[in-house]
Amino acid sequence: QVQLVESGGGLVQSGGSLRLSCAASGRTSWTYTMGWFRRAPGKEREFVQAINWNGDSTYYADSVKGRFTISRDNAKRTLYLQMNSLKPEDTAVYYCAASNLARLADHGDEYDYWGQGTQVTVSS
């Protein structure tokens with residue numbers, strides 16, 4: 001079982017930056033594929049970025065291309081999402097997730113463990 005706890009959300013002006021963190025605990029070898037998702041008010045959950053177990057391969061949604069960067073520190077069992085050039089449409093609750101799959105995944109159904117989410121609000 002894996003427990004995931006996100007942090008780092010908050011209120012930021014358009015064009016600003018935030019870095020989200022996701023700390024993992026529990027009985028885990030931390031070799032999961034990890035991902036970030038988000039859910040905006042009134043919208044369905046949306047894939048943001050994913051990273052493989054050793055961090056040498058990533059996949060991202062077109063909506064965040066060139067602005068968001070996913071990374072991980074396996075020694076600290078922590079996942080990160082650096083968000084730059086934030087836009088009001090990035091406002092959402094952001095969730096980290098862990099998948100037992102050995103490949104990158106961009107569908108929520110492919111992930112086995114989820115954090116509780118952290119709110120990101122971008123003002124115009």
Any donor-acceptor pair under 3.5 Å from Asn74 side chain to Arg77 backbone: no
Side chain to side chain contact (heavy atoms under 4.5 Å, CB included) partners of Ala40, counting only residues at least two apart: Lys43, Ala92
Distance check, rounded to the nearest 0.5 Å: Ile70 atom CD1 versus Asn52 atom CG? 10.0 Å
Other than Leu11, what residues sit in its cluster of Ile, Leu, Val, Met, Phe, Trp and Tyr side chains whose heavy atoms are under 4.5 Å apart, directly or through others? none
Thr58 side chain to Ile51 main-chain N or O, any donor-acceptor pair under 3.5 Å? no
In short, Pro88 meets Ser14 closest at the heavy-atom pair CD-OG, 3.8 Å
Euclidean distance, Tyr60 OH relative to Leu81 CG, rounded to 0.5 Å: 14.0 Å
Is Leu79 reachable from Leu18 through a run of I, L, V, M, F, W or Y residues, each pair having side-chain heavy atoms under 4.5 Å apart? yes
For Gln1, what residues pass the side chain to side chain contact (heavy atoms under 4.5 Å, CB included) criterion, not counting sequence neighbours? Gln3, Tyr113
Do you know the tightest heavy-atom contact between Tyr94 and Met83? CE2-SD, 3.9 Å
Reported CZ-to-CG distance for the pair Phe68 and Leu86, which is rounded to 0.5 angstrom: 5.0 Å
What is the minimum heavy-atom distance between Ala23 and Thr78, and which atoms define it? CA-OG1, 4.3 Å
Sequence neighbours left out, what passes side-chain hydrogen bond (donor to acceptor under 3.5 Å, both in side chains) with Thr69? Give chain and number order. none
Heavy-atom closest pair (Ala24 atom, Leu4 atom, distance to 0.1 Å) is CB-CD2, 3.7 Å
Scan for salt bridge (charged side-chain N to carboxylate O under 4.0 Å, His left out) pairs involving residues 10-24, sequence neighbours excluded, and state none if there are none. none
When rounded to the nearest 0.5 angstrom, what is the spacing between OG in Ser71 and CE in Met34? 11.5 Å
Write out all pairs satisfying disulfide bond (SG atoms under 2.5 Å apart) with one or both partners inside residues 70-99, taking only residues at least two apart or from two chains. Cys22-Cys96
Look at the side chain of Gln13 and the backbone N and O of Ser123, then say whether any donor-acceptor pair between them is shorter than 3.5 Å. no
When you measure from the side chain of Gln116 to the backbone N and O of Val5, does any donor-acceptor pair fall under 3.5 Å? no
Looking at every non-hydrogen atom in both residues, tell me the closest pair between Ala105 and Ala50 and how far apart they are. O-CB, 3.6 Å
side-chain hydrogen bond (donor to acceptor under 3.5 Å, both in side chains) partners for Thr121, two or more places apart: Gln119
Tyr59: which other cluster members, linking ILVMFWY side chains closer than 4.5 Å, directly or transitively? Phe37, Phe47, Val93, Tyr95, Leu104, Tyr111, Trp114
List in chain and number order the residues that pass side-chain hydrogen bond (donor to acceptor under 3.5 Å, both in side chains) with Thr31, two or more places apart in sequence or in another chain; answer none if no residue qualifies. Ser29
Leu20 side, atom CG; Gln82 side, atom CD - distance, nearest 0.5 Å: 9.0 Å
Tell me, which pairs form a salt bridge (charged side-chain N to carboxylate O under 4.0 Å, His left out) where one or both residues lie in residues 44-72, sequence neighbours left out? Arg38-Glu46, Arg67-Asp90
Spacing of Trp53 atom CH2 and Thr33 atom OG1 [to the nearest 0.5 Å]: 10.5 Å
Would Val120 end up clustered with Val64 when hydrophobic side chains under 4.5 Å apart are linked, directly or stepwise? yes
Under the salt bridge (charged side-chain N to carboxylate O under 4.0 Å, His left out) definition, can you give me all pairs with a residue in residues 103-124, not counting sequence neighbours? Arg103-Glu110
